[in-house]
Amino acid sequence: MKLWHKIFLGIFLTAFFVVILYGCFQIYENHKDNLRREQERSLGEMELLAAAIDNAEEIFGGILPGLQWYGKYYEDKGIYFSFYKKEECIYQSLEGIEPEIYASMLDVKNNQRKLRITKADHRYYIMTAGRRMICSLLGRQVK
């Protein structure tokens, strides 16, 4: 093999592996960034839902009709939640997820939030919990 063939192959293989490594790094960073944005979105969605439920009693004449309306609305978007008041489950739409999976998230204190990614039924969920007179739990399916 001639010298210029060796130089060409060396430079070509080096450039090829650099491009492959750079592509893998970009995919990893993009995935990490998307996951971070989805977590922020989940926390924002939970805050919006908590504020809406606070107002549901006035709008719907009771908290349970409001929870059912919001539950149906969010289920169509692939978001599921449970409403707890003083350790008692008032509304549940997290079907398919065992209560043991999210039980540790129910001890949220006032003005605190918890976020966790969990796997159930071969799906990954971003689970958030917060308390503003309520403790709500959202499960957003991660694709």
Side-chain angles (χ1 to χ4, degrees), residues 4-143:
W4 71 272
H5 285 160
K6 291 178 183 178
I7 293 171
F8 172 76
L9 284 175
I11 292 172
F12 176 75
L13 290 175
T14 303
F16 178 75
F17 286 118
V18 166
V19 167
I20 294 295
L21 288 173
Y22 180 73
C24 291
F25 175 75
Q26 284 298 323
I27 289 171
Y28 172 75
E29 288 296 317
N30 189 32
H31 173 71
K32 203 165 67 171
D33 190 45
N34 286 342
L35 192 57
R36 182 189 51 76
R37 273 189 263 136
E38 192 64 32
Q39 289 172 343
E40 289 173 3
R41 180 178 169 206
S42 294
L43 288 171
E45 197 80 45
M46 185 197 65
E47 291 296 324
L48 178 68
L49 179 62
I53 289 173
D54 287 343
N55 296 325
E57 193 164 8
E58 296 172 18
I59 296 169
F60 295 104
I63 199 161
L64 193 57
L67 287 171
Q68 291 170 341
W69 188 88
Y70 283 113
K72 175 68 175 131
Y73 173 77
Y74 279 105
E75 278 181 38
D76 293 341
K77 293 183 170 194
I79 300 172
Y80 306 93
F81 71 94
S82 293
F83 181 85
Y84 285 81
K85 194 169 188 176
K86 295 183 181 175
E87 304 288 328
E88 179 186 352
C89 182
I90 295 174
Y91 179 79
Q92 171 80 0
S93 72
L94 282 170
E95 296 163 6
I97 301 176
E98 297 296 323
E100 294 83 29
I101 293 174
Y102 58 84
S104 66
M105 298 184 71
L106 297 177
D107 64 349
V108 179
K109 306 291 184 247
N110 285 334
N111 299 323
Q112 288 183 342
R113 299 180 295 187
K114 285 187 178 181
L115 188 136
R116 185 173 75 188
I117 298 174
T118 189
K119 182 179 181 181
D121 283 343
H122 307 293
R123 296 179 181 167
Y124 287 92
Y125 292 89
I126 296 177
M127 304 185 89
T128 60
R131 183 171 292 187
R132 283 166 84 204
M133 299 176 3
I134 65 167
C135 179
S136 62
L137 188 68
L138 290 173
R140 179 186 298 275
Q141 184 177 342
V142 180
K143 296 178 181 176

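Evaluated for a side-chain contact (heavy atoms from CB on, under 4.5 Å) with Ile11, the options Leu13, Ile7, Leu9 yield exactly one hit, Ile7.
Asn34 is listed as a side-chain neighbour of Arg37, based on a closest heavy-atom distance under 4.5 Å.
When ring centroids are compared, Phe8 and Trp4 stay outside the 6.0 Å threshold.
Aromatic ring orientation, Phe25 versus Tyr22: tilted (interplanar angle from 30° to 60°).
Remark: Glu75 does not engage Lys72 in a salt bridge, criterion side-chain N to carboxylate O under 4.0 Å. Between Glu38 and Arg41, at least one side-chain nitrogen of the basic residue sits less than 4.0 Å from a carboxylate oxygen of the acidic one, meeting the salt-bridge criterion.
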